[in-house]
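Keep in mind the model is a prediction, meaning the values are calculated, not measured.
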Amino acid sequence: MRYIANTEADRQAMLDAIGVSSLEELFNDIPKQVRNRYQPVGLPERSELETVREVQKLAPLNAAWQQYTSFLGGGVYDHYIPSVVSYVTSRSEFSTAYTPYQPEMSQGTLTAMFEFQTLLCELTGMDVANSSMYDGATALAEAVFMAERIVRTDKVAVCRSLFPHYRRVLDTYCQAAGIKVVEVPYNHIGRYDTDSLPKGISALVLQNPNTFGIIEEMNGLKEQLGAALLIVAVNPISLGLISAPGEAGADIVVGEGQPLGLSPSFGGPFLGLFACRKQYLRNMPGRIIGRTVDAQGEMAYTMTSQTREQHIRRGRATSNICTNSTLCALAAVVYLAGLGGDGLQELALLNLEKAHYLAKRISSLPGYSLAFSGPFFNEFVIRVPGDPQSICRQLTQEKILLNNPSSLSELGVEQALNFAVTEQRTKEELDSLVDVLRDVT
Amino acid sequence: MNTIFDAKGKREGKVLPALDVPQQGLEKLVPDSLRRSRKPRIPALSEPELVRHYTRLSKLNYGVDDGLYPLGSCTMKYNPKVNEDLARLPAFAGAHPLADERLVQGSLALLHEASRYLCNIAGLSDITLQPAAGAHGELTGMFLFDRYFKERGESKRKRILLPDSAHGTNPASATISGFSTTQIPSGEDGMVDLVALQETLDETVAGIMLTVPNTLGIFEERILEITQMVHAAGGLCYFDGANLNAFLGQARPGDMGADAFHFNLHKTLSTPHGGGGPGSGPVAVSQCLVDFLPVPRITKDENGYHFDWNFPHSIGCMHSFYGNFGVILKAYAYILLLGDDGLHAVSDNAVLNANYLQEQLKKTYRLPYDRLCKHEFVLSGEKLGQGITTLDIAKRLIDYGFHPPTVYFPLIVHEALMIEPTECEGKETLDRFISVMEKIALEAKENPELLHAAPQHAPVQRLDQTRAARHPILTYPFDEPGT
């Protein structure tokens, strides 16, 4: 096997040194009964070329994405990824290392994760951040568990205008942990209904921009919640423009980091964002990197606050998370540092303007109108004159990709389609979508 | 420039395309009250500055490509480069998770095939690919157990048994899922004490979480008795798959009595660890748990592959979408590359390497459990004298250019050094490691200061961990004078 360095002679020498006569003998501790039941998978060893061919056979069964125009969104966006991002993350000093248990050999990863935590705090207006969770949905579930540790009520409120995939994961976690999930409805402008906040909750989960793309108004919300924590799920690109949740009183901010330089990759690996106020540091899940000094007084970085974590506290840890999404967090740092603060603002503006141009054009077509009147960022919902499934199918034939309207119906928005627009969409593409919509039946 | 925030100056030039639609204006589109009042302090680096900064940082790191990385329990094996290229194929990397299923048949086929291979390797009935890491797999397993007993009306079963050598993630996963944990002591042979196990088995037990081989690197020889005892008491058996490298291609958890088993694709199946992730932790299950697996499940019929949501007993969803597809793809390619013979060769060589190291190192270091090991073993750094600790040994190894083993775990060995060489290391490298370990033991006697002061040849010297914990600086101190 070509990833093995030992030769037959090496193996013999090693067996002799151990004092056994065969490799087989090293496995005598596995019960015969177990070994006798072994069934091979039925696969030959393949050369690299044969393997590449085998995997490439599957590629054409997917659509040739470069021939399609994507308006897919729902938490995963088609942003341009500069080459420098994968250049850095491909450096094997980063990609083939593991969790920085030995800080003296891991200053690269540690420094980058310290930068990541700083960037996330800058974006969200929070005091502390961890160095990543698995994805947006699991980061949210962890946030709710954390709120429950702080404010024990066994009940959490969730705005209905949350991404359905976030909600499904949250429901799964809460059901197993015995936490009741109650829903806050949305109103006619697409925002959460301020009059419907339940009592006796540990936290309110609000997404901003929400699943309809609508930017929520959070002024006064924290005061209304009393002892309950405010958990806000964000799209990091939108934070180039819209209020940092910290400014609006959020206690915990979570989100999906995919827009920060990660390819859609059929849903993973992604990047769970997690930040909070510093008084909750001891309750946070995940790895946290801190700055310290070495024996010579030189500045250096290390994992810290580890007494929260499973490898120290075991059954009383704040979370079971161990492996996270560090390499994805590195991609996000490189992506953001390549943009800068002004660049991020400009990027957010491009997304905003293009989305509004498209929304304006579509809603001027007969029978089409915006479903909600609230301000939106780069995604919006349009009421359509025909069967949305049928329109969606016709658009697919024209090589235009849209979210399946069933996720809107799940949320009670019928007869509607959702469009996400990024900086990658050209005016020409936007205009031709409008032309196709004009002609669909 | 220590961090990007220390960058001086300001990049000029164009990084984004011009706006090509009529501008409506931020003021009109987003009311003032919803806009940020303060711009985030993100420095704008020129591309050369950016590349140099991260190239410099990369050189302060150490990965498997740099050399031996015998971090026990983590299986730091070589990551074949071709898998990185395959994961970047635009057809796969560009697939949006919400695209119409007819447009992602290739991705679905890959997940379906990978599921089949992994089920075969595990010897179990079905699998979910959703868990994003080993601990996430454990959590999934505990949710499955919880649902299983709820559906059977056995809500009294709220106890999970754990050997005292268990990974910390095991008790954490069990507790988060609403179970209590009971620790089972290990016997003098390092294996589960069957008498202690029998004593605690009753109608409150939901199951046991085992790592096989255990974290001492010892295969539980009485594994069949253990799983039979737990099953006879009405409980279920969860296997932590962190140590699958010990018997890959030779034995299957399903044949040992596992009801749920998680893979760590980033360990056993060679996907890069990424400095701490992403990983992937698929959970394979026996027939009794299949109905409860997360949705959507991927099914196949004459029209192709489909997302199937219609499993009314399912626990729900564990991941935003279908798991870490990019990682699963690399593991799938690795299985194709190796084939059955290659899988078998992995465990053969991993176990051979570990036993060779153990045999040589026990001459110099204390080996608390002196017997054949599987893919890893645990030494104790105690009794070297001169106040030398395992931490000192680890830091001295850095001076010699090796990544240290896992230290201070498992907890049942005092001053533990947990060593896992993996199949990829050759005898030449192992011999070099052995001679360095011998040299360090000698230094401990003759010149202990070398160990206490180590590392001296790393980018930084030993860090002040107490200061990091007592005075947390967790973000760049923008407002601190002099920074």
### Residues that R91(A) engages under salt bridge (charged side-chain N to carboxylate O under 4.0 Å, His left out), provided they are two or more places apart
E93(A)

### Query
Sequence neighbours excluded, which residues qualify as salt bridge (charged side-chain N to carboxylate O under 4.0 Å, His left out) partners of D464(B)?
none

#### Entry: Whether N61(B) side chain and G108(A) backbone form a donor-acceptor pair below 3.5 Å
yes

### Message
Side chains of F27(A) and F219(B), heavy atoms from C-beta outward: is any pair under 4.5 Å?
### Response
no

Which region of [X], side chain (C-beta onward) or backbone (N, CA, C, O), has a non-hydrogen atom less than 4.5 Å from a non-hydrogen atom of chain A, or is it both or neither?
| X | value |
| --- | --- |
| K77(B) | neither |
| L336(B) | both |
| D146(B) | side chain |

[X]/[Y] ion pair, N-O < 4.0 Å:
| X | Y | result |
| --- | --- | --- |
| R11(A) | D348(B) | no |
| E122(A) | K39(B) | no |
| D294(A) | R462(B) | no |

#### Entry: Pair T175(B)-R316(A), side chain to side chain contact (heavy atoms under 4.5 Å, CB included): steps then yes or no
CA-CA 8 Å; T175(B) 321; R316(A) 288 172 295 123; over 6 Å; no

### Task
Give the C-alpha distance, both sets of side-chain angles, the deciding distance and a yes or no for side chain to side chain contact (heavy atoms under 4.5 Å, CB included) between L463(B) and V293(A).
CA-CA 6 Å; L463(B) 299 196; V293(A) 293; over 6 Å; no

